[in-house]
**Student:** 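I have a structure I would like to understand better, so I am pasting it below and will then ask my questions one at a time.
Only heavy atoms go into these numbers, but all of them, side chains included; no hydrogens, no water, no symmetry mates.
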Amino acid sequence: GSYLINYRYSTLAILEKMNIGIIEDEVPKYQDLSFKFHLPTARAGTFNIWGIGGLSASLEGENSDSTQWEYKYDRVRWDFRTGMFATGITHIFSTSKNSFLKSVISYSGNYSQDDAEIYDTPEEKKDYYKDKYINTNIRASVTYNHKLDAKRLIKSGVIYSHLMYDMKAEGQDYLDEDFWRIYNQAEGSANLVQAFAQMKYRLSPEHSFTAGLHGLYFALSKKYSIEPRLGMHWQVDAKNSIGFGAGLHSRIEELSGYFMREFMPDGSYTLPNKNLSFRKSVHLVGSYSHCFNKNLCLKTEVYYQYLYDLAITKTPEHTYSIVNGEWDETYREPMTNNGIGRNYGLELTFERYFSNHFYFIVTSSLFDSKYRAADGNWYNTRFNVGYANNFIIGKEFIVGRIKQNLLGLNSKFILAGGSRDTPIDIEASRQLEEQVVIENQRNTIQNPDYLRWDVSISYRMNKPKVSHILGFDIQNLTNRDNIMGTYYDPETMQTVTYYHLGILPILSYKLEF
């Protein structure tokens with residue numbers, strides 16, 4: 001058997017506790033742990049026990065100095081925490097020389113908690129907003145693989161997920177500070193069942209064909225989907241290959257979305273989104289790969305996705321859709337599965353695999369992403385930035401008195417289209433004292449290009465029983481102000497631009513036994 005254990009803790013948080021400030025912005029605080037135990041047996045198969053978990057936290061607006069209070073939000077203190085974990089056992093057992101069973105039992109979960117308080121006086125504060133979303137999942141799966149002969153391979157399986165949720169979002173009403181409103185609350189469980197079967201048929205040593213069927217059923221909304229899928233691969237020669245794939249894919253929405261409350265005039269509420277169907281997508285993909293040698297390859301992929309049964313608002317005057325990922329906005333009113341969308345694009349990857357202590361990878365994507373809203377018109381999705389390019393390069397140098405240590409240099413450069421924004425109706429926002437966007441201009445604004453340059457250096461000292469790795473990363477080396485978006489501030493009655501994180505240095509030290 002063998003084992004692997006890894007633990008990390010935020011070095012910036014350590015330096016902050018020592019009153020050594022490196023960045024002026026909020027300091028990221030996190031820690032995580034992962035492990036895996038590989039346990040082969042003589043007759044009972046192979047067992048893998050594994051797990052991963054992490055915690056993170058951030059604190060904003062700790063400002064009790066009343067002389068700095070100009071607007072309401074200057075008095076608000078935000079405490080945001082998140083966490084996740086997953087652990088389980090994987091068992092692989094050979095039932096014959098041509099078949100084996102793979103079984104997995106896992107328990108996983110994640111949570112997010114947001115607590116906001118507002119100062120009435122420098123000495124007194126009260127609750128302003130709070131939410132807590134806890135999702136856990138007990139999952140069991142069994143997959144059967146069987147090689148019928150040299151040409152045919154079958155694979156089938158069942159996946160059962162027991163989804164448990166406990167969520168509540170509540171806060172002070174903006175227009176009436178004395179009224180406390182519950183926006184979302186639910187506790188319970190739901191089952192998601194999936195089953196699949198596929199066959200891979202090798203027509204010749206160069207040609208193979210795969211066909212399969214996938215199905216899923218979600219008990220909460222009582223919806224199901226049957227999804228055919230297929231793929232083909234042609235190895236033209238030693239250096240060139242062509243592939244094609246097609247299939248139908250479905251997914252459930254975020255669990256919190258099913259429990260959005262619609263309030264009635266008498267104070268009661270309904271759950272209009274509880275019966276939302278799956279969002280569905282038909283995928284078509286074609287690929288071509290050419291390898292100049294064993295370490296240098298060029299891959300090209302074109303794709304088209306037709307999306308349907310997308311959740312959009314029932315109100316024709318509103319133009320947002322679930323594909324924009326704006327959970328707070330999307331789920332605040334009843335939704336219907338009448339939306340459609342489409343994505344298409346081209347992706348290029350030029351890669352030199354790690355060899356002789358050197359590697360690089362260049363990726364370039366050109367794409368277009370649009371959806372049709374309730375008013376019948378087509379709009380850019382929030383993610384339709386147009387293009388994205390990445391260049392990553394790294395080199396290792398063998399150093400040390402007996403050439404046992406490694407000095408590593410790595411760099412990453414990102415150039416992508418700017419994020420999308422929707423124009424804000426300033427006058428309407430001032431009248432309602434909350435953000436109002438111009439609905440028929442959804443995502444028409446594109447911010448300046450996103451540019452980021454990251455560099456890192458590491459030094460690995462190899463000892464007989466342990467290795468020490470010291471690393472220093474600098475993200476966003478040029479400290480570029482990449483725009484994330486804009487929002488309306490009801491206190492200033494103006495729009496405010498907010499940005500991605502600026503320069504971020506990360507110091508790390510690792511031990512490997």
**Student:** Are a donor atom and an acceptor atom from the side chains of Tyr129 and Asp131 found within less than 3.5 Å of each other?
**Tutor:**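 Indeed, the side chains of Tyr129 and Asp131 share at least one donor-acceptor pair under 3.5 Å.
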**Student:** Please determine, by modelled atom types, if Thr349 and Glu351 share a side-chain donor-acceptor pair under 3.5 angstrom.
**Tutor:**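 Result is no, nothing qualifies.
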**Student:** Looking only at the side chains, is there a donor atom on one of Thr210 and Gln198 sitting less than 3.5 Å from an acceptor on the other?
**Tutor:**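 No, because no side-chain N or O of Thr210 sits under 3.5 Å from a partner of the opposite role on Gln198.
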**Student:** Pairs under 3.5 angstrom only: tabulate donor-acceptor contacts from the side chains of residues 404-411 to other protein residues two or more places apart or in another chain.
**Tutor:**
unit_1	atom_1	unit_2	atom_2	d
Gln404	OE1	Ile402	N	3.3
Asn405	OD1	Asn462	N	3.1
Asn405	ND2	Tyr459	OH	3.2
Asn410	OD1	Tyr359	OH	2.7
Ser411	OG	Trp453	NE1	2.7
Ser411	OG	Asp454	O	3.4

**Student:** Within the side chain of Asp473, is there an N or O that forms a donor-acceptor pair under 3.5 Å with the backbone of Val455?
**Tutor:**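 Flag not set: sc Asp473 to bb Val455 has no pair under 3.5 Å.
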**Student:** Tell me whether Arg480 at atom CZ has more than 12 heavy atoms from other residues, nucleotides or ligands lying less than 6.0 Å away.
**Tutor:**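 Yes, enclosed.
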**Student:** Which residues pass the side chain to side chain contact (heavy atoms under 4.5 Å, CB included) test with Gln194, not counting sequence neighbours?
**Tutor:**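 In terms of side chain to side chain contact (heavy atoms under 4.5 Å, CB included), with neighbours along the sequence ignored, Gln194 is linked to Ile159, Leu192, His214, Leu216.
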**Student:** Does any N or O in the side chain of Arg202 come within less than 3.5 Å of the main-chain N or O of Lys151, such that one atom is a donor and the other an acceptor?
**Tutor:**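 Not confirmed, Arg202 side chain does not pair with Lys151 backbone.
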**Student:** For the residue pair Tyr450 and His500, is the inter-centroid distance of their aromatic rings smaller than 6.0 Å?
**Tutor:**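 So the answer is yes for these two rings.
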**Student:** Could you go step by step and tell me if Tyr111 and Leu55 meet the side chain to side chain contact (heavy atoms under 4.5 Å, CB included) rule?
**Tutor:** CA-CA 10 Å; Tyr111 85 94; Leu55 299 170; 4.1 Å; yes
**Student:** Do you see a donor-acceptor pair shorter than 3.5 Å between the side chains of Asp115 and Gln113?
**Tutor:**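 Side-chain D/A pair, Asp115 to Gln113: present.
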**Student:** For Phe85, give me all partners under ring pair (Phe, Tyr, Trp, His ring centres under 6.0 Å), at least two apart in sequence or on another chain.
**Tutor:**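 Applying ring pair (Phe, Tyr, Trp, His ring centres under 6.0 Å) to Phe85 gives Tyr107.
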**Student:** Less than 3.5 Å apart, any donor N or O on the side chain of Thr381 or Asn324 sitting next to an acceptor on the other?
**Tutor:**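 Absent: no donor and acceptor within the cut-off.
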**Student:** Should the pair His146 and Tyr144 be assigned to parallel (<30°), tilted (30 to 60°) or perpendicular (>60°) ring geometry?
**Tutor:**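 Aromatic pair His146/Tyr144 classed parallel.
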**Student:** Given salt bridge (Lys or Arg N to Asp or Glu O under 4.0 Å), test Arg279 with Asp309 step by step and report yes or no.
**Tutor:** CA-CA 5 Å; Arg279 67 173 84 176; Asp309 284 355; over 6 Å; no
**Student:** Is it true that His207 and His233 have ring centroids separated by less than 6.0 Å?
**Tutor:**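 Centroid separation for His207 and His233: 6.0 Å or greater.
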**Student:** Evaluate whether atom OH of Tyr160 has more than 12 neighbouring non-hydrogen atoms of other residues, nucleotides or ligands under 6.0 angstrom away.
**Tutor:**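 Counting neighbours around OH of Tyr160, more than 12 heavy atoms of other residues, nucleotides or ligands fall under 6.0 Å, so yes.
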**Student:** Quick one: closest heavy-atom pair of Arg229 and Leu248, and the distance?
**Tutor:**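 Closest approach of Arg229 to Leu248, heavy atoms only: NE-O, 3.2 Å.
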**Student:** Verify, without hydrogens or angle tests, whether Asn110 (side chain) and Met84 (backbone) share a donor-acceptor contact under 3.5 angstrom.
**Tutor:**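 A pair under 3.5 Å: no.
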**Student:** Answer yes or no: are there more than 12 heavy-atom neighbours, outside Leu346 itself, under 6.0 Å from its atom CG?
**Tutor:**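 Atom CG in Leu346 is packed in, count exceeds 12.
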**Student:** If we ignore hydrogens and angles and just use 3.5 Å, is the side chain of Asn443 paired with the main-chain N or O of Asn380 as donor and acceptor?
**Tutor:**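 Here the side-chain-to-backbone pair exists.
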**Student:** Any heavy-atom pair between the side chains of Leu348 and Lys299 that's under 4.5 Å?
**Tutor:**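 A side-chain contact is absent here, since even the closest heavy-atom pair is not under 4.5 Å.
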**Student:** Any donor-acceptor pair under 3.5 Å linking the side-chain atoms of Gln305 with those of Tyr344?
**Tutor:**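 The answer is no; no qualifying pair exists.
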**Student:** Do Val385 and Gln446 make a side-chain contact, defined as non-hydrogen atoms from C-beta onward lying under 4.5 Å apart?
**Tutor:**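 Yes; the side chains approach each other to less than 4.5 Å.
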**Student:** Are side-chain heavy atoms of Thr90 and Val104 found at a separation under 4.5 Å?
**Tutor:**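 Sidechains of Val104 and Thr90: in contact.
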**Student:** Please answer whether the main-chain N or O of Trp50 pairs with a side-chain N or O of Thr87 as donor and acceptor at a distance below 3.5 Å.
**Tutor:**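 Pair found, side chain donor or acceptor close to backbone of Trp50.
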**Student:** Are there over 12 heavy-atom neighbours, none belonging to Asn293, within less than 6.0 Å of that residue's CG?
**Tutor:**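 Atom CG in Asn293 is packed in, count exceeds 12.
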**Student:** Counting only heavy atoms not in Lys280 (residues, nucleotides, ligands), do more than 12 fall under 6.0 Å from its NZ?
**Tutor:**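 Yes, NZ of Lys280 has more than 12 neighbouring heavy atoms, counting only those of other groups under 6.0 Å.
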**Student:** Would you sort out whether Tyr509 and His468 count as a side-chain hydrogen bond (donor to acceptor under 3.5 Å, both in side chains), showing the intermediate values?
**Tutor:** CA-CA 7 Å; Tyr509 173 66; His468 305 262; 2.6 Å; yes
**Student:** Looking at Lys370, I'd like to know if its NZ atom is crowded, meaning that more than 12 non-hydrogen atoms belonging to other residues, nucleotides or ligands lie closer than 6.0 Å.
**Tutor:**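 It does: Lys370 NZ has more than 12 such atoms within range.
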**Student:** Can you find a side-chain donor-acceptor pair between Asn343 and Tyr306 that sits under 3.5 Å?
**Tutor:**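 Per modelled atom types, Asn343 and Tyr306 side chains form no pair under 3.5 Å.
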**Student:** Is there a donor-acceptor contact under 3.5 Å from the side chain of Asn447 to the main chain of Ser419?
**Tutor:**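 A pair under 3.5 Å: yes.
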**Student:** With a cut-off of 6.0 Å (strictly less than), are more than 12 heavy atoms of other residues, nucleotides or ligands near NZ of Lys395?
**Tutor:**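 More than 12 within 6.0 Å, yes.
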**Student:** Please check if any side-chain donor atom of Tyr371 sits under 3.5 Å from a side-chain acceptor atom of Asn384, or the reverse.
**Tutor:**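 Checked: Tyr371/Asn384 side chains show no N/O donor-acceptor pair below 3.5 Å.
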**Student:** Would you say the side-chain atoms of Arg352 pair up with the backbone N or O of Phe358, donor to acceptor, closer than 3.5 Å?
**Tutor:**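 Such a contact is found between Arg352 side chain and Phe358 backbone.
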**Student:** Is Ile361 close to Phe350 at the side-chain level, that is, under 4.5 Å between some pair of heavy atoms?
**Tutor:**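 Phe350 vs Ile361: side chains apart.
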